[in-house]
Amino acid sequence: MAYDKTKYKIWNWKHPVMLHWMINPGLAINELILGQRVPKTMLIERVAGKSLEERTKIPCPHCGTLHGGHKWSIRNNAFRNWFGLYCDHCGNTIPCLTNLTSYLILLLTFPIWFWFKDSWKRKWIERQPERYKDIDSTHFSGPYDGYGWIRQGLYWGFFMYILATFLFPLIDGEAITLSKALYGILIWTIGGLCFGYTMKLIIRRRSDKKRTM
Ligand SMILES: [Zn+2]
């Protein structure tokens, strides 16, 4: 679909934020467990004085509706979007990017979920209209705004800690020692905070740059 490039900046997989979404292995947790998804195409309005979230539009390729990005903010439907972002205009799903680690996990576990995916998707679709009835469009704040990055970073660090300290050694048949478990807490707390702060900087730099344009 062609979009007005004078009005919108188009973000697709080539954009750094989107590439990061696909490459960072920790984000597989956001995708597979939390059901947080990033659409394949996002349009960022070229206007000054608005936050990035306010300027983000998500187009539905099926009906052409431009959805406000706030529909999938933390206050609204940021999570449980395992099958894509639901278009409450036409009832289809907006295609999303897939994180490479998620992709690998899905590929390896294919024989387990393959038989259930159709019925899961049907049930998921049935539940969607209800979730879009009371969308809060008055609050525009991202999950990394203010001190939100600390919480987001620690969540991420916690999941990575579980994954790296317990799950991966379990798969590899390595011993889980107390010292490794304790070191892990330190490493992933720092790692998580760095992750949260980097995300905040990436998002803020993008929105500041647009504001001065
Ligand atoms: Zn649609």
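All values below come from the heavy atoms of this structure, side chains included, with hydrogens, waters and symmetry mates left out. Owing to the predicted nature of the structure, the values given are computational and were not obtained by experimental measurement. Order of listing sets the numbers, starting from 1, for every ligand and every atom in it.
- The two atoms that bring P39 and M18 nearest to each other are O-CE, 3.3 Å, heavy atoms only.
- Salt bridge present: E130 and K133 bring a charged side-chain N and a carboxylate O closer than 4.0 Å.
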What side-chain donor-acceptor pairs closer than 3.5 Å can you find for residues 159-186, not counting sequence neighbours?
{"unit_1": "Y161", "atom_1": "OH", "unit_2": "A181", "atom_2": "O", "d": "2.7"}
{"unit_1": "T165", "atom_1": "OG1", "unit_2": "Y161", "atom_2": "O", "d": "2.8"}
{"unit_1": "E174", "atom_1": "OE1", "unit_2": "K180", "atom_2": "NZ", "d": "3.4"}
{"unit_1": "T177", "atom_1": "OG1", "unit_2": "S179", "atom_2": "OG", "d": "3.4"}
{"unit_1": "T177", "atom_1": "OG1", "unit_2": "K180", "atom_2": "N", "d": "3.2"}

In a table with atom names and distances, give each donor-acceptor pair under 3.5 Å that connects a side chain of residues 192-199 to protein atoms at least two apart or in another chain.
{"unit_1": "T198", "atom_1": "OG1", "unit_2": "C194", "atom_2": "O", "d": "2.5"}

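- Hydrophobic side-chain contacts under 4.5 Å tie Y155 to no other Ile, Leu, Val, Met, Phe, Trp or Tyr residue.
- Of all protein atoms, those of element N, O or S that lie under 2.8 Å from the Zn ion (ligand 1) number 4.
- The line from CD1 of I10 to OH of Y3 is 8.0 Å long, rounded to the nearest 0.5 Å.
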